[in-house]
Amino acid sequence: MDKKFNDLNSYFKNKFGFRVHKITVDAGFNCPNRDGTISFGGCVFCNSKGSGTGFLLQGISIKDQILRAKKYVVKRFKAKKFIAYFQAFTNTYAPLEKLKEMYDEALGVEDVIGLSIGTRPDCVDNKVLELLQEYAKKNLIWIEYGMQTSKDETLKIINRGHDYACLKKAVEITKDRGIKICVHAILGLPGETKEDMLETADAISKLSVNGVKLHVLYIIKNTELENMYNKGLYKCLTQKEYVETVVSFIERLPENVIIQRLTGEPHPRELVGPYWALNKKLTMELIKSEFIKRDTWQGKFSRV
Ligand code: SF4
């Protein structure tokens, strides 16, 4: 591979021949790990906004959210086509008719060529997947499963409300339907060593997924993780530790897995730490330099 890793923009460029941009949509969903179905507290790092903007609840329709963002990204990035990214909370957690209505609304906007749907692995079944499979005949459909780690002990500590077997089952029933699968992994989870994190990379390699999003665990105000941090029960990764672990993680992934994200983007007003996470540009540069320094690449140490 020319590049050190298989990035999302190159994937879009190779597939379509032009720039495709993701537009984030807040469709007003909830999450079973927050509404009491599994728990009321949610994952220890999640606040009551669930990474959302709250736009739908403020009366801005899915279509209008896309149209507003479209204007901006066309001007700024010269993007031609768009993927509607259902990001906030759990975007398959509603009756099937409601889901269809929302996904149809997004796909009905001019130049939207696909969907990316973020969800929990315990919130999909054959009916939802059949719906997505139908869309996938004419559109690019990605499903993004919050995996976070392959270690059950950690999943318990972060109050995830599902185990690793649940993620494996979700991937199993999703594959071979024309739906692309991405998993999210978080580096720096409480109690995890670098070796634990790299075991998650090995687990992902065995899943035959199409993409991965990596995030550093950052502490947001008004979360259980903030309490843990204030009590001295949690210590953030340093930027150096994160950069080194990301590169080792990608070395262990197969070459064909698309790296959709290298680090998350905390909101400055909500962030408790680590503050280096605010400088995404620098983190990305350091990751690229680390690849060069080690003379390494994605898949160098892949075990599949
Ligand atoms: S699954 Fe997502 S939305 Fe639900 S509590 Fe966890 S991080 Fe928040």
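Note that ligands are numbered from 1 as they come in the structure, with each ligand's atoms numbered from 1 the same way.
In summary, the aromatic rings of Trp142 and Tyr85 are positioned with their centroids too far apart to meet the 6.0 Å limit.
Residues meeting the side chain to side chain contact (heavy atoms under 4.5 Å, CB included) test with Ala84, sequence neighbours left out: Val25, Ile66, Phe86, Ala106, Val112, Leu115. Under the side chain to side chain contact (heavy atoms under 4.5 Å, CB included) criterion, Ser208 pairs with no residue, sequence neighbours left out.
Proximity to Arg34 (heavy-atom distance under 4.0 Å) selects the following atoms of ligand 1: 5 (S). When each atom of ligand 1 is checked for a heavy atom of Cys31 under 4.0 Å away, the hits are 1 (S), 3 (S), 4 (Fe), 5 (S). Of all atoms in ligand 1, numbered sequentially from 1 with element shown, those under 4.0 Å from a heavy atom of Phe89 are 3 (S). Less than 4.0 angstrom separates some heavy atom of Arg120 from each of these atoms of ligand 1: 1 (S). The atoms of ligand 1 that sit less than 4.0 Å from any heavy atom of Gly42 are 5 (S). Counting the atoms of ligand 1 from 1 in the order shown, those under 4.0 Å from a heavy atom of Cys43 are 1 (S), 5 (S), 6 (Fe), 7 (S).
In Glu153, the CD atom is not crowded: 12 or fewer heavy atoms of neighbouring residues, nucleotides or ligands sit closer than 6.0 Å.
Between atom CD of residue Glu144 and atom NZ of residue Lys180 there is a gap of 13.5 Å, rounded to the nearest 0.5 Å. Note that OG1 of Thr296 and CD1 of Ile250 are 10.0 Å apart. Values are rounded to the nearest 0.5 Å.
With distances taken over non-hydrogen atoms, the option nearest atom 2 (Fe) of ligand 1 out of His184, Gln87, Arg160, His162 is Arg160.
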